[in-house]
Amino acid sequence: MARQRRRIQVAIDGPAASGKSTAARGVAQRLGGFYINTGDMYRAVTWQALERGLDIEHDPAAVAAMLPALEIRYRLDGSGVPVLHVNGAPAPQSEIRHPRVAAQVSHVSAIPEVREWMVQRQRETAELGLIVMEGRDIGTVIFPRATVKFFLTASPEVRARRRLAQPGETLPGATVESVAADIARRDRIDSTRAVAPLRPAADAIVIDSSDLTIEQTLALMVKHIEAATAPRRRRKP
Ligand code: DC
């Protein structure tokens with residue numbers, strides 16, 4: 001009889017530009033796992049809604065009506081790396097990371113039908129094996145029994161500086177102040193929506209990375225994961 005083994009799932013939640021992607025990618029690389037970015041899945045829906053000229057903020061029903069004809073899923077590329085596909089083709093990063101998408105994505109991700117549609121699509125990635133998934137509701141809704149849950153934060157100024165340093169993600173002329181205001185607006189919508197609002201799971205490990213380097217953040221996370229996955233007999237009494 002096949003032995004049932006629980007798959008390892010690492011959930012990384014946190015507000016916009018808190019360093020989740022860098023951390024999740026790094027953790028996946030170190031553990032030999034699959035990195036899944038659920039924010040990109042919401043961004044892909046937003047991109048498709050904008051391509052169709054929908055008024056996202058005022059007509060959420062039109063966004064929901066678009067879903068049955070939309071296929072969004074991670075597929076492994078030739079090297080075994082999960083790549084987000086929209087209707088069979090890789091989602092262009094230049095489109096889904098564009099500021100016009102960033103400006104609307106919080107409205108899309110607050111639509112209950114969109115969230116419901118995402119749950120199964122995100123959970124089924126667990127079939128791949130060891131998953132490192134980042135988002136806003138991974139530890140609370142998608143994988144409530146995740147092996148380890150992190151909630152990554154950083155101060156608003158640090159987050160604005162990090163976002164400004166990412167090419168193509170801010171409009172020309174953007175300043176630390178304007179980016180911080182934009183991030184604060186998104187955080188407010190993400191934290192106050194009725195369905196799956198941004199909040200740490202009760203059992204999440206909260207890490208403030210404001211004063212940590214990427215390497216320090218990664219080392220801390222890997223230490224927690226190793227502690228959570230070590231066989232019991234090797235744990236200290
Ligand atoms: O992580 P990000 O900034 O790329 O996410 C884009 C938006 O998607 C963000 O405003 C919140 C939303 N989101 C969400 O509501 N739930 C998730 N699991 C991931 C992202």
Worksheet item: What pair of heavy atoms forms the shortest contact from Asn37 to Arg97, and how long is it?
Response: ND2-NH1, 4.2 Å
Worksheet item: Does a sphere of radius 6.0 Å around CZ in Arg73 hold more than 12 heavy atoms from other residues, nucleotides or ligands, not counting ones at 6.0 Å or beyond?
Response: no
Worksheet item: Are Tyr35 and Glu134 close enough that a side-chain donor and a side-chain acceptor fall under 3.5 Å?
Response: yes
Fill in: Joint cluster assignment, Val119 & Leu84, ILVMFWY side-chain distance < 4.5 Å
yes
Worksheet item: Can you find a pair of side-chain heavy atoms, one from Arg100 and one from Trp47, that are under 4.5 Å apart?
Response: yes
Item to complete: Over all heavy atoms of both residues, which pair between Ser191 and Pro197 is shortest? Give the atoms and the distance, please.
Response: O-CB, 3.4 Å
Worksheet item: How close do Ala103 and His107 get, heavy atom to heavy atom, and via which atoms?
Response: O-CD2, 4.1 Å
Worksheet item: Got more than 12 heavy atoms from elsewhere within 6.0 Å of CG, Asp211?
Response: no
Worksheet entry | CD (Glu51) with more than 12 external heavy atoms under 6.0 Å | yes
Worksheet item: Judged by atom type as modelled, is there a donor-acceptor pair below 3.5 Å linking the side chain of Arg43 to the main-chain atoms of Ala102?
Response: no
Worksheet item: Sub-3.5 Å donor-acceptor pair from the side chain of Arg159 to the main-chain atoms of Ala16, do we have one?
Response: yes
Worksheet item: Which residues satisfy the side chain to side chain donor-acceptor pair (under 3.5 Å) test with Ser106, sequence neighbours excluded?
Response: Asp190
Item to complete: Give a yes or no on whether the backbone of Thr213 and the side-chain of Gln216 come within a donor-acceptor separation of less than 3.5 Å.
Response: yes
Fill in: Within 6.0 angstrom of Ile214 CD1, more than 12 heavy atoms from elsewhere
no
Item to complete: Check whether Met118 and Val101 end up in the same hydrophobic cluster, where Ile, Leu, Val, Met, Phe, Trp and Tyr are linked by side-chain heavy atoms less than 4.5 Å apart.
Response: yes
Discussion item. Checking the side chain of Arg193 only, and the main-chain atoms of Ala110 only, is there a donor and an acceptor separated by less than 3.5 Å?
Written reply: no
Item to complete: Just do the salt bridge (charged side-chain N to carboxylate O under 4.0 Å, His left out) check on Asp182 and Arg163 with the steps written out, would you?
Response: CA-CA 11 Å; Asp182 196 48; Arg163 176 86 355 138; over 6 Å; no
Worksheet entry | Closest contact, heavy atoms only, Met221 versus Ala23 | SD-CB, 3.8 Å
Worksheet item: Is it the case that one hydrophobic cluster holds both Met41 and Leu76, taking links as side-chain heavy atoms less than 4.5 Å apart, direct or via other members?
Response: yes
Fill in: Heavy-atom pair of closest approach, residues Gly168 and Pro99
O-CD, 3.5 Å
Worksheet item: Hey, does the side chain of Thr192 reach the backbone of Arg188 with a donor-acceptor pair shorter than 3.5 angstrom?
Response: yes
Worksheet item: How close do Ala44 and Ile96 get, heavy atom to heavy atom, and via which atoms?
Response: CA-CG2, 3.9 Å
Worksheet item: Is Leu152 reachable from Ile183 through a run of hydrophobic residues whose side-chain heavy atoms are each under 4.5 Å from the next?
Response: no
Worksheet item: With a 4.5 Å heavy-atom cut-off, do Arg115 and Asp137 have their side chains touching?
Response: yes
Worksheet entry | Qualifying salt bridge (charged side-chain N to carboxylate O under 4.0 Å, His left out) pairs, either residue in residues 11-24, two or more places apart | none
Discussion item. Side chains of Gln48 and Arg52 only: does a donor on one sit below 3.5 Å from an acceptor on the other?
Written reply: yes
Worksheet entry | Sidechain-backbone polar pair: Asp55 side chain, Asp59 backbone, donor-acceptor under 3.5 Å | no
Discussion item. Under a 3.5 Å distance rule, please check whether Lys149 uses its side chain to pair with a backbone N or O of Pro144 as donor and acceptor.
Written reply: yes
Item to complete: Decide whether Leu198 and Ile142 are clustered together by the hydrophobic rule: side chain heavy atoms of Ile, Leu, Val, Met, Phe, Trp, Tyr closer than 4.5 Å, transitively.
Response: no
Fill in: Close side-chain approach of Leu164 and Val176, heavy atoms under 4.5 Å
yes
Worksheet item: Within a radius of less than 6.0 Å around CD of Glu116, do more than 12 heavy atoms belonging to other residues, nucleotides or ligands occur?
Response: no
